[in-house]
Amino acid sequence: MTTIGNYIKTERRKLGITQEEFALRAGLGLRFVRELEQGKETVRMDKVNKALRMFGKEAVPGDLKRNEE
C-alpha cells in the first residue's frame, strides 16, 4: 500500500491541498487519508479506489514485481 499512499500524497501536494481538503473532496474520512498516505496495510480497497479516482486512476489486479538477483 506504500506505493499507492506515496502516489496519493504526491498528487495531493501537487494540487496544493491539505489532507483534510483532499478527504472532503474525495468523500473520505481524514483518518483514512492519513493512514493511506502512511502506508497502512489494512485499508479498504473501495476507499483506496475512491481516493485514486480524484486523479483519474484505480487500483487493478496486476502481476507481482519480483526482485531480480
Side-chain angles (χ1 to χ4, degrees):
M1 210 46 65
T2 303
T3 302
I4 292 174
N6 287 337
Y7 176 82
I8 296 292
K9 181 189 279 187
T10 299
E11 294 302 309
R12 175 184 60 76
R13 286 180 172 172
K14 284 181 187 176
L15 291 176
I17 60 175
T18 65
Q19 287 179 329
E20 186 174 14
E21 290 171 311
F22 179 81
L24 287 170
R25 290 183 188 188
L28 297 166
L30 177 58
R31 180 177 174 182
F32 174 81
V33 172
R34 286 181 176 155
E35 290 176 349
L36 178 61
E37 288 188 3
Q38 291 171 359
K40 182 178 178 187
E41 294 291 327
T42 56
V43 293
R44 289 181 33 194
M45 288 306 296
D46 61 324
K47 288 186 175 185
V48 169
N49 278 324
K50 201 170 186 180
L52 287 171
R53 275 189 218 110
M54 290 284 293
F55 309 111
K57 307 284 185 192
E58 72 176 351
V60 296
D63 295 330
L64 291 174
K65 293 180 182 176
R66 305 253 184 226
N67 291 336
E68 294 184 49
E69 297 181 309

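Remember, predicted model here, so these are calculated numbers, not experimental data.
Residues L15 and F22 have side chains not in contact (no heavy-atom distance under 4.5 Å, counting atoms from C-beta outward).
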I'd like a table of donor-acceptor pairs (distance under 3.5 Å, sequence neighbours excluded) in which one partner is a side-chain atom from residues 55-62, with atom names and distances.
none

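The side-chain hydrogen bond (donor to acceptor under 3.5 Å, both in side chains) analysis of residues 44-53, with sequence neighbours excluded, yields the pairs R44-D46. Evaluation of the salt bridge (charged side-chain N to carboxylate O under 4.0 Å, His left out) test over residues 5-17, restricted to residues two or more places apart or in two chains, returns E11-K14, R12-E37.
For the salt bridge (charged side-chain N to carboxylate O under 4.0 Å, His left out) test, residues two or more places apart in sequence or in another chain that qualify with E35 are R31, K40. Taking E21 as the reference, T18 meet the side chain to side chain donor-acceptor pair (under 3.5 Å) condition, with sequence neighbours excluded.
In this structure, CG in L28 is found 9.0 Å from CE in M54, a value given to the nearest 0.5 Å. A distance of 9.5 Å separates CG of L36 from OG1 of T2, quoted to the nearest 0.5 Å.
Note: the hydrophobic cluster containing M45 also contains Y7 (ILVMFWY, side chain heavy atoms under 4.5 Å, direct or indirect links).
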